[in-house]
There are 2 protein chains.
Amino acid sequence: MARSRLTPERESELYAAVLDLLREVGYDALTMDAVATRTRSSKATLYRQWGSKPELVARAMRCSKPHSVAQADTGSLRGDFRAILEMAEEHKMEEDAALMRGLFHAVHTNPDLLQALRELLIEPEIEAFREMLHRAVERGEVAPDNPALGYVIHMIIGAFIARSIIEDLPPDPAFLRSYLDAVVFPALGV
Amino acid sequence: MARSRLTPERESELYAAVLDLLREVGYDALTMDAVATRTRSSKATLYRQWGSKPELVARAMRCSKPHSVAQADTGSLRGDFRAILEMAEEHKMEEDAALMRGLFHAVHTNPDLLQALRELLIEPEIEAFREMLHRAVERGEVAPDNPALGYVIHMIIGAFIARSIIEDLPPDPAFLRSYLDAVVFPALGV
């Protein structure tokens with residue numbers, strides 16, 4: 001794939017249009033035709049650049065997150081989490097949460113979407129979390145054999161899903177801060 | 001609704017047929033016609049007894065769980081959780097987890113299903129968890145102002161969802177036991 005043929009500006013523009021369409025119609029109703037029309041490009045170009053709808057959507061999601069978890073290197077685990085929450089606040093976390101929820105439901109009937117999200121979005125994020133936790137262990141903040149180290153992702157996913165599905169409330173930063181203090185830090189012994 | 005017209009045996013038989021159909025075709029493809037045919041009853045009877053497909057499905061799910069969380073009253077919080085896991089083991093938790101995942105995805109496009117599941121399944125379970133935690137507080141096992149008391153459901157949902165979606169593994173009892181020890185008990189200070 002010759003992704004280099006597009007300028008970074010044009011690529012961002014395309015991704016923004018994909019996310020707008022996703023918000024408007026959802027994953028199942030989003031077609032490559034609609035993306036082509038909205039972005040005034042040809043379907044052939046879209047397929048040449050991204051191969052498939054799942055990959056286009058996963059890359060658009062990835063590029064909408066301007067900072068990765070891994071960049072939050074503040075010198076303490078609490079500081080790193082605080083920095084992530086601040087980035088999230090700046091970038092309309094609630095809107096993204098709605099998008100993620102929609103995709104999360106779409107994966108049920110689209111295994112190729114799950115595959116693309118795993119490779120392009122979920123695994124890099126998990127890896128970044130692991131690095132963040134590894135730094136905390138290296139600094140002596142968390143015991144290297146603390147069994148909660150393997151479950152940080154589970155705890156955080158639970159906060160997002162239970163908040164929105166069970167409580168029908170947005171997972172806003174104040175809630176997440178309280179959850180980190182009540183659950184994640186005590187489990188990690190921080 | 002004159003639910004009393006059915007014998008308990010007949011009701012169980014109907015619910016079992018609904019769950020079989022759910023496993024076979026999923027929520028969206030499950031029709032009241034198919035339930036009527038499978039159970040040799042009339043659609044009129046089904047609607048008279050249950051009002052709607054979401055209510056029928058939510059009641060069938062509820063009755064497939066022969067024991068409620070609230071019945072696990074062993075005298076300690078660890079014992080109560082152990083008893084829940086044992087009940088779950090006896091009752092093919094993994095099969096139920098697949099069913100729950102399917103329904104969880106179906107709620108995205110069926111708000112009336114979410115409503116029925118909330119009223120008939122989720123809220124009674126959350127209430128039972130609250131009672132279990134309340135007993136632990138009364139016994140002095142958990143501090144009454146421990147902020148994790150409000151997040152036990154979040155932690156447990158996270159274990160189930162992250163395990164199946166992110167890790168692509170079943171949330172089996174051994175995993176849940178390890179998660180309780182690593183996350184839930186330390187957060188609760190037990």
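To find a chain, count down the sequence lines: A is the first, B the second, and so on, and within it residues start at 1. Note that these values count all heavy atoms, side chains included, but never hydrogens, waters or copies made by symmetry.
Neither the backbone nor the side chain of Leu149(B) comes within contact range of chain A, judged by heavy atoms closer than 4.5 Å.
A salt bridge links Arg130(A) with Glu127(A); the closest basic N to acidic carboxylate O contact falls under 4.0 Å. Using a 4.0 Å cut-off between a side-chain N of Lys or Arg and a carboxylate O of Asp or Glu, Arg78(B) and Asp181(B) qualify as a salt bridge. For the pair Glu13(A) and Arg10(A), the salt-bridge criterion is met [side-chain N within less than 4.0 Å of a carboxylate O]. Taking 4.0 Å as the cut-off between side-chain N and carboxylate O, Lys53(A) and Asp112(A) do not count as a salt-bridged pair.
The greatest number of non-hydrogen atom pairs below 4.5 Å with chain B, out of Ser178(A), Gly26(A), Gly189(A), Pro186(A), is found for Ser178(A). The most heavy-atom pairs under 4.5 Å with chain B, out of Glu123(A), Met155(A), His154(A), come from His154(A).
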